[in-house]
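Start at 1 with the first residue, then count along the sequence.
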Amino acid sequence: MATVQVRYIVHDVDAAVDFYTRLLGFTLVMRPAPPFAMLSRGDLRLVLSRPGGGPGGGSQLLEGRMPEPGGWNRFAIEVERLEETVEQLRAQGAHFRGEVISGVGGKQALLEDPSGNPIELFEPMLPEARLQHGGGG
């Protein structure tokens with residue numbers, strides 16, 4: 001059962017469902033309408049909404065603003081052998097924002113979904129930086 005939910009606004013829900021299930025191991029939970037899908041991966045539930053596809057998370061706000069994909073906020077997926085994972089995903093057509101970056105707790109790469117929403121792939125270098133105690137990913 002998911003304990004955290006993230007909503008991403010996407011241009012094409014079909015393309016996003018394919019991307020997350022095929023490349024990142026998410027499971028389709030439900031797809032009750034074309035502008036909406038719910039996926040899961042471990043403790044994460046990922047809700048996908050098309051802009052203007054309301055009612056719901058993709059709905060236009062009262063002042064007229066429309067939700068849009070992109071930005072820099074993101075969720076992270078822990079992986080082992082980050083460079084190898086990036087290479088495998090690029091071979092399958094995945095797009096990244098730049099190259100692998102080394103930080104104080106580990107290495108990261110920013111993968112983009114088909115609408116440009118970022119997903120951080122993270123390889124911890126310190127035990128305290130792991131998402132799960134006793135190993136992850």
Side-chain angles (χ1 to χ4, degrees):
M1 175 183 279
T3 58
V4 174
Q5 177 172 301
V6 172
R7 180 181 309 270
Y8 267 176
I9 304 299
V10 298
H11 294 296
D12 182 333
V13 176
D14 290 328
V17 168
D18 177 65
F19 173 86
Y20 285 102
T21 58
R22 187 173 50 84
L23 296 183
L24 297 178
F26 280 77
T27 300
L28 179 63
V29 174
M30 70 171 166
R31 183 76 196 275
F36 177 82
M38 182 181 289
L39 310 174
S40 68
R41 185 179 193 270
D43 289 335
L44 174 62
R45 178 175 14 191
L46 180 60
V47 178
L48 304 170
S49 297
R50 188 180 72 219
S59 298
Q60 183 174 350
L61 301 177
L62 291 177
E63 72 272 6
R65 289 183 61 200
M66 186 69 73
E68 60 186 57
W72 289 93
N73 292 326
R74 59 198 180 257
F75 62 87
I77 296 174
E78 185 175 314
V79 300
E80 296 182 21
R81 298 177 302 281
L82 179 61
E83 287 87 354
E84 184 179 311
T85 301
V86 168
E87 185 178 309
Q88 291 170 350
L89 289 168
R90 279 194 170 132
Q92 295 180 67
H95 180 262
F96 286 81
R97 292 183 186 178
E99 300 300 321
V100 172
I101 299 167
S102 292
V104 294
K107 298 183 285 186
Q108 63 177 280
L110 293 182
L111 172 65
E112 288 187 340
D113 76 7
S115 295
N117 293 306
I119 302 99
E120 181 178 315
L121 302 180
F122 176 72
E123 180 183 349
M125 303 306 289
L126 302 172
E128 300 84 3
R130 290 200 168 277
L131 296 175
Q132 300 176 42
H133 293 293

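- When the side chain to side chain donor-acceptor pair (under 3.5 Å) test is applied to Arg90, the partners found at least two apart in sequence or on another chain are Glu99.
- Checked against ring-ring contact (aromatic ring centres under 6.0 Å, His included), Tyr8 has the following partners two or more places apart in sequence or in another chain: Phe75.
- Residues Leu111 and Leu24 have side chains in contact (heavy-atom distance under 4.5 Å, counting atoms from C-beta outward).
- Taking CG of Leu121 as the start and CD of Glu80 as the end, the distance is 13.0 Å to the nearest 0.5 Å.
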### Task
Evaluate side chain to side chain contact (heavy atoms under 4.5 Å, CB included) for Arg41 paired with Leu46, printing each intermediate quantity in order.
CA-CA 8 Å; Arg41 185 179 193 270; Leu46 180 60; over 6 Å; no
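- Separation of atoms CD1 (Ile9) and CZ (Arg50) is listed at 11.0 Å; rounding is to 0.5 Å.
- Remark: Asp14 engages Arg31 in a side chain to side chain donor-acceptor pair (under 3.5 Å) (not counting sequence neighbours).
- Shortest non-hydrogen contact noted between Val86 and Ala109 is CG2-CB, 3.8 Å.
- Val4 and Met30 fall into different hydrophobic clusters, where Ile, Leu, Val, Met, Phe, Trp and Tyr are joined by side-chain heavy atoms under 4.5 Å apart, directly or via other members.
- Across every non-hydrogen atom of Asn73 and Pro118, the tightest pair is O-CG, 3.4 Å.
- Taken from CD in Glu83 to CD in Glu123, the straight-line distance is 6.0 Å, to the nearest 0.5 Å.
- Interatomic distance, CZ of Arg81 versus CD of Gln88, reported as 8.5 Å (0.5 Å rounding).
- Counting only residues at least two apart or on different chains, no ring-ring contact (aromatic ring centres under 6.0 Å, His included) pair has a member in residues 86-123.
- Val6 and Leu39 fall within a single hydrophobic cluster, where Ile, Leu, Val, Met, Phe, Trp and Tyr side chains are chained together by heavy-atom contacts under 4.5 Å.
- Hydrophobic clustering keeps Val10 apart from Val47 (ILVMFWY residues linked when any side-chain heavy atoms are closer than 4.5 Å, directly or through intermediates).
- Annotation for Ala94 and Leu23: closest pair CB-CD1, 4.3 Å, computed over non-hydrogen atoms.
- Not counting sequence neighbours, the partners of Asn117 by the side chain to side chain donor-acceptor pair (under 3.5 Å) test are Asp113.
- Rounding to the nearest 0.5 Å gives a distance of 13.0 Å between CD of Gln108 and CD of Glu78.
- Gln92 CD: more than 12 foreign heavy atoms inside a 6.0 Å radius.
- Listed by chain and number, the residues in a side chain to side chain contact (heavy atoms under 4.5 Å, CB included) with Ala15 are Asp12, Pro114 (sequence neighbours excluded).
- No chain of hydrophobic side-chain contacts below 4.5 Å, direct or via other Ile, Leu, Val, Met, Phe, Trp or Tyr residues, connects Ile101 to Leu82.
- Sequence neighbours left out, not one pair with a member in residues 29-71 passes ring-ring contact (aromatic ring centres under 6.0 Å, His included).
- Atom-to-atom distance recorded for Ile119:CD1 and Phe26:CZ is 7.5 Å, nearest 0.5 angstrom.
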Donor-acceptor contacts under 3.5 Å from residues 54-68 side chains, at least two apart:
unit_1: Ser59; atom_1: OG; unit_2: Gly56; atom_2: N; d: 3.0
unit_1: Ser59; atom_1: OG; unit_2: Gly56; atom_2: O; d: 2.9
unit_1: Gln60; atom_1: NE2; unit_2: Gly64; atom_2: O; d: 3.0

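- A pairwise comparison of heavy atoms in Gly106 and Met125 identifies CA-CG, 3.2 Å as the closest pair.
- The two residues Ser115 and Pro69 make their nearest non-hydrogen contact at O-CB, 3.6 Å.
- Between the side chain of Arg97 and the backbone N or O of Gly116 there is at least one donor-acceptor pair closer than 3.5 Å.
- Leu110 belongs to a hydrophobic cluster whose other members, connected by ILVMFWY side-chain contacts under 4.5 Å either directly or through intermediates, are Trp72.
- Ser40 meets the side chain to side chain contact (heavy atoms under 4.5 Å, CB included) test with Thr27, Val29; sequence neighbours excluded.
- For Arg7, the salt bridge (charged side-chain N to carboxylate O under 4.0 Å, His left out) criterion is met by no residue, not counting sequence neighbours.
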